[in-house]
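Here's the structure, in structure tokens; my notes come after.
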Amino acid sequence: MTAETLMLICGTGQFLITVYWVRKRELREKYAIVWLGLATMLLLVGIFPTLIMDFADWTHLSFPAAALFFALAAIYLYAFTVSISLSHQYRRSIRLSQEIALLEQRIRTLETEQS
Amino acid sequence: MATLIVIPAFNEESSLLSTLDSLACLDSTEFHILVVDDGSNDGTAAILRERSQSTENMTFVSLPMNAGIGVAVQTGLIYAHNHDYDYVLQYDADGQHSVESIDGLLRAATVDNLDLCVGSRFLNADESNFKSTPVRRIGIRFFARLIGLLAGVHVTDPTSGFRVYGRRAIAVFAQQYPDDFPEPEALFWCTRNGLRVGESAAKMHVRQGGVSSIRYARTVYYMIKVTIAIIIDRIRSKEV
């Protein structure tokens, strides 16, 4: 098996997996776009292997090193985005729990006043 | 002048009652007490339910999960902001802080018109005053130097959680407050944004119960996290 065939298989697989999870409403389209973009890139590289070879020539890297560079860049970018997203989610959930706690106190006070 | 005493409490069943008893001597028309139960899984919530029914000037809020001291204190600040309090006094549930120092702390805040007044264990000349463990003192000195270097202000006890927030500080911290280990960060934030900061002598005791939020391996995380937070805060633009 050649590297190009492997990329074609992985790209197609990634495409199908992403569409499947969006269809199940378990993955938001917002995040699916990134994965579909990555799958498209894999497919493009599979169909036009010279893309990575040209990049490898241009940067004086070997083919595996150039492929690894792209893979690591994709992982880094996505993991970093997830960290930022987690930080947003953390702040939101904290604010929600604070609001719940304060509302519960307000209800308790009102109930005591009424009884 | 309405003051809200905010007591963050996480699993403080062994010391909470004596802490609340010690505050009973304060004027109940001037001082209100809000205990923030930070998702405790011991008898803290039960103590609070019972105590709040018999104490007119005391109430409590219960966070649905343990979220850390910063979130607990901020919940108190949001409450104070919503109820239009003039001052918030942050006070430990574990008996470390001394009720006799409250008056001096509030007086320093009002006389000098401070937005944040920190109770310092090092400004108290009393020999019996608990000045923390040697390792902690190294950490305290480190943050005092760091804040002095980056903000140009002299502070002696930046990690002290015995502090008074004025209206301006209440308003901004109700919106945004550091998550965990917030004391040095909040102090630095105030100095950087032109809020008036000062210190007042405070008496402190050895903790009576509960477990410190800063232990063992967490100490290393604490030092690194707070240092990075302060340095990054230094390069932010003014926020008020």
Side-chain angles (χ1 to χ4, degrees), chain A residues 17-18 20-35 37-38 59 65 68-115, chain B residues 4 6-10 32-40 44-46 48-85 170 173-180 182 225 228-229 232:
Chain A
I17 289 170
T18 311
Y20 173 77
W21 283 97
V22 174
R23 190 172 164 271
K24 272 183 70 172
R25 295 199 172 87
E26 297 275 337
L27 178 66
R28 288 178 67 195
E29 290 81 354
K30 182 181 171 183
Y31 303 111
I33 290 171
V34 181
W35 292 117
L38 206 66
T59 53
L68 191 68
F69 174 81
F70 275 115
L72 287 179
I75 291 168
Y76 169 79
L77 284 175
Y78 201 66
F80 197 79
T81 323
V82 170
S83 287
I84 291 173
S85 177
L86 267 179
S87 305
H88 278 167
Q89 292 304 325
Y90 170 78
R91 296 214 184 288
R92 283 175 182 208
S93 65
I94 287 297
R95 188 43 72 115
L96 270 176
S97 60
Q98 288 175 319
E99 289 296 328
I100 290 169
L102 290 166
L103 281 172
E104 189 269 334
Q105 187 274 339
R106 214 168 138 188
I107 292 169
R108 192 172 358 101
T109 311
L110 286 170
E111 281 176 347
T112 316
E113 277 172 12
Q114 277 191 345
S115 58
Chain B
L4 180 71
V6 172
I7 306 176
F10 173 60
H32 292 166
I33 300 167
L34 174 77
V35 182
V36 183
D37 173 19
D38 186 13
S40 299
T44 301
L48 290 173
R49 262 193 303 277
E50 203 181 306
R51 191 37 99 86
S52 65
Q53 280 166 4
S54 59
T55 315
E56 204 189 325
N57 66 333
M58 182 231 147
T59 186
F60 70 97
V61 293
S62 281
L63 290 166
M65 75 270 191
N66 178 239
I69 173 96
V71 174
V73 170
Q74 195 197 26
T75 309
L77 291 164
I78 296 171
Y79 181 94
H81 187 56
N82 292 346
H83 290 80
D84 209 26
Y85 281 93
I170 294 170
F173 285 144
Q175 298 302 318
Q176 195 171 305
Y177 193 71
D179 309 329
D180 40 9
K225 190 256 165 187
I228 291 174
I232 292 182

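Labels below follow one simple rule: chain letters A, B, ... track the order of the sequence lines, proteins then strands, and each chain is numbered from 1.
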* **Backbone N/O of B:Thr59 and side chain of A:Arg108: donor-acceptor pair under 3.5 Å** => no
* Asked: Should we count OH of A:Tyr90 as having more than 12 external heavy atoms under 6.0 Å?
  -> yes
* Looking at side-chain heavy atoms only, is the closest gap between B:Leu63 and A:Glu104 below 4.5 Å? -> no
* Of the non-hydrogen atoms in B:Tyr79 and A:Gln105, which two are nearest, and what is the gap between them? -> CE1-OE1, 3.5 Å
* Non-hydrogen atoms of A:Ala101 and B:Ser62 that approach each other most closely -> CB-O, 3.2 Å
* To do: Applying side-chain hydrogen bond (donor to acceptor under 3.5 Å, both in side chains), name anything that partners A:Arg106, two or more places apart in sequence or on another chain.
  => none
* Neighbour count above 12 (heavy atom, 6.0 Å) for A:Lys30 NZ -> no
* Of all heavy-atom pairs between A:Gln98 and B:Val71, which one has the smallest distance, and what is that distance? -> NE2-O, 3.1 Å
* Considering only heavy atoms, which portion of B:Gln53 lies under 4.5 Å from any heavy atom of chain A: side chain, backbone, both, or neither? -> neither
* Report yes if the side chains of A:Arg95 and B:Ile78 come closer than 4.5 Å at any heavy-atom pair, otherwise no. => yes
* To do: Please round to the nearest 0.5 Å and tell me the distance separating atom CD1 of A:Ile94 and atom OG1 of B:Thr75.
  => 8.0 Å
